[in-house]
Each structure stands twice: as C-alpha cells, then as structure tokens.
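Input: a single structure, listed below in structure tokens.
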Number of protein chains: 2
Amino acid sequence: MIHENIIDLVARRFQVLGEPCRLRILQALQGGDRSVNQIVAELGATQPNVSKHLQILFDAEFVTRDRCGNNIIYSITDPVVFKLCDLVCRSTARHAAHVQKYANEGRSRKLTGPNGRHRRSRTSSIQGVH
Amino acid sequence: MIHENIIDLVARRFQVLGEPCRLRILQALQGGDRSVNQIVAELGATQPNVSKHLQILFDAEFVTRDRCGNNIIYSITDPVVFKLCDLVCRSTARHAAHVQKYANEGRSRKLTGPNGRHRRSRTSSIQGVH
DNA sequence: TGACTATATAATTATACGCGCATATAGAAA
DNA sequence: TTTCTATATGCGCGTATAATTATATAGTCA
C-alpha cells in the first residue's frame, strides 16, 4: 500500500522508467559503469539526448555519477531496478503473447452485451466481459 | 536483461504505472474488485476520467473486467503489480528522505569542477561528483 | 594563455497526455 | 417502446515530454 504522501513520487519514478531510451541506458549500465560517450556509442543515440535522459535518471536517483577527468562516469544506484524490469518483463512477455494471439483472431473488441447479441460473431464487444 | 523486441512494451507498462491517479485505482482494487462508480466514489475523481484510466490499465492488462448487470466490475489481473509498487515505494521512501535532506541544506547543485573552484560555496556543482 | 575533448544546457518544434465537459451507448426496469 | 442508471467516448484546452540543433561549460594538455 502506497502512502498518499509519496504516491506522486512513486508515480514519477515509474514514469522515469517508462521510456525505452532510459531503459536502454539502464541496461547498458547493467554491464558496468559507463561514461556518457560510451553510452552514446552503445545506444547509437545523440549525446545531448543521452545526457538529458541521464539527468532525469539521476534526479530520480536511479543512477549516480562521478567525475573522472573529463569524463563523467554513471553507475546504477540500486540493482533493485533490474528486479523491477525483470518483473515487468515477464508479465509483458505474457501480455505480448496475448496481443499476438488476438491479432491472429478477430480484432478490436468493444463494449457490448454479454452474449454478443446484435453482433455477427460470438466475440463479446467488451474485452474481458463474457 | 530486456530483449530489444519488447523494450517498448515494457516501457509502456512502466509508463502506465507512472500516473498517480492510476496507482490510486490499483490501490482501490487491491481492496477487492470494484465497479467504476465505486472507484469514482473512493477516489473522488470524475467518472469519465476514471473510465479512461481504467481503459488504459485494461489495455496494458493490469486489470480485467466483467459485466455484472449494468455495472462493470474491474479486478487486478496479476498481484505482481503490488510487488512492483512495493519495491518502488521502498526506494522512493529513501529517495524522499534524500530530497528532504537536500532541501534543508543548500539547494540546486550544478555541474562544475570537483572542488568548487570559481564558486562561492564549497558545494560541488554537479550532484554526485566530488 | 589557447586548442581540444567531454558533457550539459538552452531554444525549438512536434507529439503525447491528462482533465473536464458534453454526449453516446448498453443494459435494466417500467 | 420510454426512462433511468452505469459506463464509455469524442472534443478542446493546457501542459508535459522527447528529439534536434546549436551553444555553453568544465577539464586536460600543450
């Protein structure tokens, strides 16, 4: 149960993880600490974009950083973030399987009666409602 | 490690969780299955807004739904979502403690040399870099 | 000092998102 | 059928976000 006081902070941290580019950055750092340019090379993204995402990850305390001469080395703050990704990843794999399955059957179910009355097929028009 | 094929889906699911109102809805459902209006009453939000968030949660398969007469009853698809919230919640509590601490000390550190040269205070201008 | 490298930031633009309002739709009841 | 209740959806507005480009800042080396 999330306390109302911190629910905005929790949401914000989920939101920070809700960006493919940032997930890729975290994955790169899972392979070990990296400088900005190393991440840029690994992702094939632009340097300003990577820097900005790193700043966002830093503000959310998902990463820490240390200067090493001209380079700034970024590191994972807490490996628990990979546990999070793993959990979402598993259920997403199931989700993706469903999506794939529905894509192969009929598509685009909408809200309607439980038994498909006034419908030509037997698919209920509200997904998840039978 | 997240496979590149599903990284967008994983990010999307994190993003869906990155919204306070949706977290509140999930919390309400943690107390048991609810109809839309029950959730509306519990959150004090508008009905169209709750319906929209529920649709987003449904598309991401965080919730399922069943019609019961005039009511649509929403349920949690997989309690693993609460594990996610719990993990983020813990580290966010630590994060919040830091933020609180920094708020009490000096604020707004920016990028600068390691020893605060050309700065009036001794705070390093890049947070996390000493 | 000046040139060079690494990183951050500002300005811009395009897109996505959340909310409120009005309305449409589905089912139940009369 | 009509009416009522519950839920979903379309629209418009304001805001947030991400990517690009150009530029600023910090540090190193000569």
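Proteins get letters first, then strands, A, B, ... in listed order; numbering begins at 1 in each. As the structure is a computational prediction, the values presented were derived from the model and not from experiment.
- In this view, A:Asp8 and B:Pro20, B:Arg24 satisfy the side-chain contact (heavy atoms from CB on, under 4.5 Å) rule, not counting sequence neighbours.
- Checked against side-chain hydrogen bond (donor to acceptor under 3.5 Å, both in side chains), A:Gln47 has the following partners two or more places apart in sequence or in another chain: A:Ser51.
- OP1 or OP2 of D:dA8 sits under 4.0 Å from a side-chain N or O of B:Tyr74.
- Counting to the nearest Å, the C1' atom of D:dA8 and the CZ atom of B:Phe58 are 13 Å from each other.
- Whole-Å rounding puts the A:Ile73 CD1 to C:dT5 C1' distance at 14 Å.
- In this structure, CZ of A:Arg65 is placed 18 Å from P of C:dA6, rounded to the nearest angstrom.
- Side-chain atoms of B:Asn70 and base atoms of D:dT5 include a donor and an acceptor less than 3.5 Å apart.
- Taking atom CG of residue B:Leu57 and atom C1' of nucleotide C:dC17, one finds them 15 Å apart after rounding to whole Å.
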Distance-only criterion, 3.5 Å: show the donor-acceptor pairs between side-chain atoms of residues 35-45 of chain A and protein atoms not counting sequence neighbours.
unit_1, atom_1, unit_2, atom_2, d
A:Ser35, OG, A:Gln38, N, 3.2
A:Gln38, OE1, A:Ser35, N, 2.8
A:Glu42, OE1, A:Arg34, NH1, 2.6
A:Glu42, OE2, A:Arg34, NH1, 3.3

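- Considering only residues two or more places apart in sequence or on other chains, B:Asp33 meets the salt bridge (charged side-chain N to carboxylate O under 4.0 Å, His left out) condition with none of them.
- Taking atom CZ of residue B:Arg67 and atom C1' of nucleotide C:dT25, one finds them 9 Å apart after rounding to whole Å.
- Nucleotide C:dT9 holds its P atom 10 Å from the CD1 atom of A:Ile72, rounded to whole Å.
- In the model, A:Arg65 has a side-chain atom that pairs as donor or acceptor with a side-chain atom of A:Gln55 under 3.5 Å.
- For the pair A:Leu26/A:Val81, a side-chain contact is recorded, criterion being any heavy-atom separation below 4.5 Å from C-beta on.
- With hydrogens and angles ignored, a donor-acceptor pair closer than 3.5 Å exists between the side chain of B:Gln47 and the base of D:dA8.
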Expected string for nucleotides 15-21 of chain D under the B/S/- scheme (protein heavy atoms, under 4.0 Å, primed atoms plus P, OP1, OP2 as sugar-phosphate) is --SSBBB

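- A:Ser91 and B:Arg13 are linked by a side-chain donor-acceptor pair at a separation below 3.5 angstrom, with hydrogens and angles left out of the test.
- In this structure the side chain of B:Arg22 never reaches within 4.5 angstrom of the side chain of B:Leu17, judged on heavy atoms.
- B:Ile72 places a side-chain heavy atom less than 4.5 Å from the side chain of B:Tyr74.
- Interface residues of residues 29-43 of chain A facing DNA chain D, ordered by number: none; criterion, heavy-atom separation under 4.0 Å.
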